[in-house]
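This is the structure I have questions about; it appears just below.
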Amino acid sequence: MEPQLRHRVDDSVATVVVSHPARRNAMTTRMWRELPGLLDALAADPGVRALVLTGEGATFCAGADITTLRDGAEEAQALAVRAEEALAAFPGPTLAAIRGHCVGGGAQLAAACDLRFAEEGALFGVTPAKLGVVYPASATRRLVALVGPATAKYLLFSGELIDAGRALRTGLIDEVLPAGELAARVDAFARTLVSRSRLTQAAAKEFAAGRDDREAYWARQARDSGETAEGVAAFLERRTPRFGWSAPAPE
């Protein structure tokens with residue numbers, strides 16, 4: 001099967017699948033190049049409220065296809081960083097659904113998602129020390145923010161793999177599911193995400209990323225949109241809220 005990024009949209013949830021099963025879903029140069037554009041297209045689709053990133057079959061992503069490093073590690077790394085940043089900048093909630101190996105560039109992509117759910121038996125590793133590659137500053141900071149400096153150094157210095165239990169304890173992932181239950185849990189949680197206020201999610205995502213100069217903007221959005229009034233009314237009336245806010249067009 002030709003290495004590719006597949007995607008679909010169901011009930012406001014976009015699912016992007018890393019498909020390169022012959023090499024444990026390793027990312028090729030073409031796949032790294034295509035991911036930012038695909039994410040931009042999905043972000044521009046008003047019918048997309050959340051995004052799930054996963055791998056074909058029993059593996060999430062084993063990293064960059066090692067052959068991409070033959071022509072120069074710097075170019076390959078720049079492509080990976082561009083893809084990572086595009087994923088981190090996706091306007092809606094993003095969730096990595098992880099089975100099997102989540103290693104190298106795969107871990108880099110998973111860390112760029114807002115949340116990470118994994119199946120028991122998943123393995124995680126950040127492996128540049130095995131190749132003599134300097135891990136990108138942006139990816140290092142993101143890893144430290146997730147797991148703290150001590151665990152980040154353990155992963156980066158050693159390149160050793162850790163299991164899902166340790167990944168959960170250190171904060172690298174958010175939930176561990178028994179074998180066979182990951183897909184149902186991700187589907188149910190994604191449906192929860194799309195039922196919530198897009199306004200709340202957008203503001204929270206921006207604040208969590210460290211931006212603190214737009215509190216007045218978000219307060220105005222909340223006031224003008226009527227989201228809070230709708231949420232309170234729905235709670236008091238014991239009904240599902242009908243949130244209607246969408247991001248205004250850039251000025």
* Just by distance, do the side chain of Thr94 and the backbone of Asp114 share a donor-acceptor pair under 3.5 Å? -> yes

* Within the side chain of Lys205, is there an N or O that forms a donor-acceptor pair under 3.5 Å with the backbone of Gly92? -> yes

* To do: Using the ring of Tyr217 (Phe, Tyr or Trp, six-membered ring only), decide whether Arg214 places NZ or CZ under 6.0 Å from its centre and within 45 degrees of its axis.
  => yes

* Glu85/Arg142 salt bridge by N-O under 4.0 Å criterion -> yes

* Would Leu146 and Tyr135 show up in the same hydrophobic cluster when neighbours are defined by side-chain heavy atoms closer than 4.5 Å? -> yes

* To do: Verify side-chain contact (heavy atoms from CB on, under 4.5 Å) between Thr15 and Asp10, making sure each step is shown before the conclusion.
  => CA-CA 8 Å; Thr15 300; Asp10 299 302; 5.6 Å; no

* Could you go through the side-chain contact (heavy atoms from CB on, under 4.5 Å) check for Arg191 and Val13 one step at a time? => CA-CA 8 Å; Arg191 291 175 187 276; Val13 179; 5.5 Å; no

* Is there a side-chain contact between Leu53 and Leu87, using heavy atoms and a 4.5 Å cut-off? -> yes

* Thr200 side-chain N/O to Arg196 backbone N/O, donor-acceptor pair under 3.5 Å -> no

* Asked: Given Val16 and Leu42, is the side-chain contact (heavy atoms from CB on, under 4.5 Å) satisfied, shown in steps?
  -> CA-CA 10 Å; Val16 175; Leu42 293 171; 3.8 Å; yes

* First locate atom CG of Leu177, then atom CD of Glu120, and finally report the distance between them rounded to the nearest 0.5 Å. => 8.5 Å

* To do: Check the hydrophobic clustering (I, L, V, M, F, W, Y; side-chain heavy atoms under 4.5 Å; chains of links allowed) and say if Leu51 and Leu95 are grouped together.
  => no

* To do: Measure the CZ-CD distance between Phe124 and Glu160 for me, rounded to the nearest 0.5 Å.
  => 16.0 Å

* Asked: Considering all heavy atoms of both residues, which atom of Val52 and which atom of Ala190 are nearest to each other, and what is their separation?
  -> CG2-CB, 4.5 Å

* Distance in Å, Lys153 NZ paired with Ser158 OG, rounded so as to fall on 0.5 Å steps -> 13.5 Å

* **Basic-acidic side-chain contact under 4.0 Å: Arg242, Glu227** => no

* **Atom pair CD (Glu84) and OG (Ser138), whose distance is rounded to the nearest 0.5 Å** => 4.0 Å

* To do: Check whether Leu182 and Ile98 end up in the same hydrophobic cluster, where Ile, Leu, Val, Met, Phe, Trp and Tyr are linked by side-chain heavy atoms less than 4.5 Å apart.
  => no

* Asked: How far apart are the closest heavy atoms of Trp245 and Ser225, and which atoms are they?
  -> CD1-CB, 3.6 Å

* Asked: Do Ile162 and Leu123 come close enough that some side-chain heavy atom pair is under 4.5 Å?
  -> no

* To do: Taking all non-hydrogen atoms of both residues into account, name the closest pair between Val147 and Ala152 and its distance.
  => CG2-N, 3.5 Å

* Asked: If two hydrophobic side chains count as joined below 4.5 Å and joins carry through other members, does Phe90 share a cluster with Phe60?
  -> yes

* Asked: Side chains of Asn25 and Thr59: do they bring a donor and an acceptor to under 3.5 Å?
  -> no

* Asked: For Thr192, does its backbone N or O pair with a side-chain atom of Ser195 as donor and acceptor, under 3.5 Å?
  -> yes

* May I ask you to say whether Glu175 pairs ionically with Arg116, meaning some side-chain N is under 4.0 Å from a carboxylate O? => no

* **Side-chain heavy atoms of Val18 within contact of Glu56, under 4.5 Å** => no

* To do: Measure the shortest side-chain to side-chain distance between Leu161 and His101 over non-hydrogen atoms and say whether it is less than 4.5 angstrom.
  => yes

* Structure fact -> Value for CD (Gln221) from OG (Ser246), rounded to nearest 0.5 Å, stands at 9.0 Å

* Structure fact -> Between Pro91 and Ala43, the two heavy atoms sitting closest are CD-CB, 3.6 Å

* To do: Please tell me if the side chains of Val176 and Glu119 come closer than 4.5 Å, counting only heavy atoms from C-beta onward.
  => no

* Check whether any side-chain heavy atom of Thr28 lies under 4.5 Å from a side-chain heavy atom of His20, and answer yes or no. => yes

* Please step through side-chain contact (heavy atoms from CB on, under 4.5 Å) for the pair Leu109 and Trp32, ending with a clear verdict. => CA-CA 11 Å; Leu109 290 174; Trp32 284 121; 3.8 Å; yes

* Asked: In the single-linkage hydrophobic clustering (I, L, V, M, F, W, Y; side-chain heavy atoms under 4.5 Å), do Leu5 and Val48 co-cluster?
  -> yes

* Are Asp213 and Arg211 side-chain neighbours, meaning at least one heavy-atom pair lies under 4.5 Å? -> yes

* Roughly how far apart are Leu39 CG and Glu34 CD, rounded to 0.5 Å? -> 11.5 Å

* Asked: Looking only at heavy atoms, what is the nearest atom pair of Ala118 and Ile173, with distance?
  -> CB-CD1, 3.8 Å

* Checking Arg166 against Tyr154: charged group under 6.0 Å from the ring centre and within 45 degrees of the axis? -> yes

* Determine whether Leu199 and Thr228 make a side-chain contact, defined as any pair of heavy atoms from C-beta on separated by less than 4.5 Å. => no

* Look at Glu75 together with Arg33 and state whether they make a salt bridge at an N to O cut-off of under 4.0 Å. => yes

* Closest approach of Ala26 to Ala64 (non-hydrogen atoms, all atoms of both residues) -> CB-C, 4.1 Å

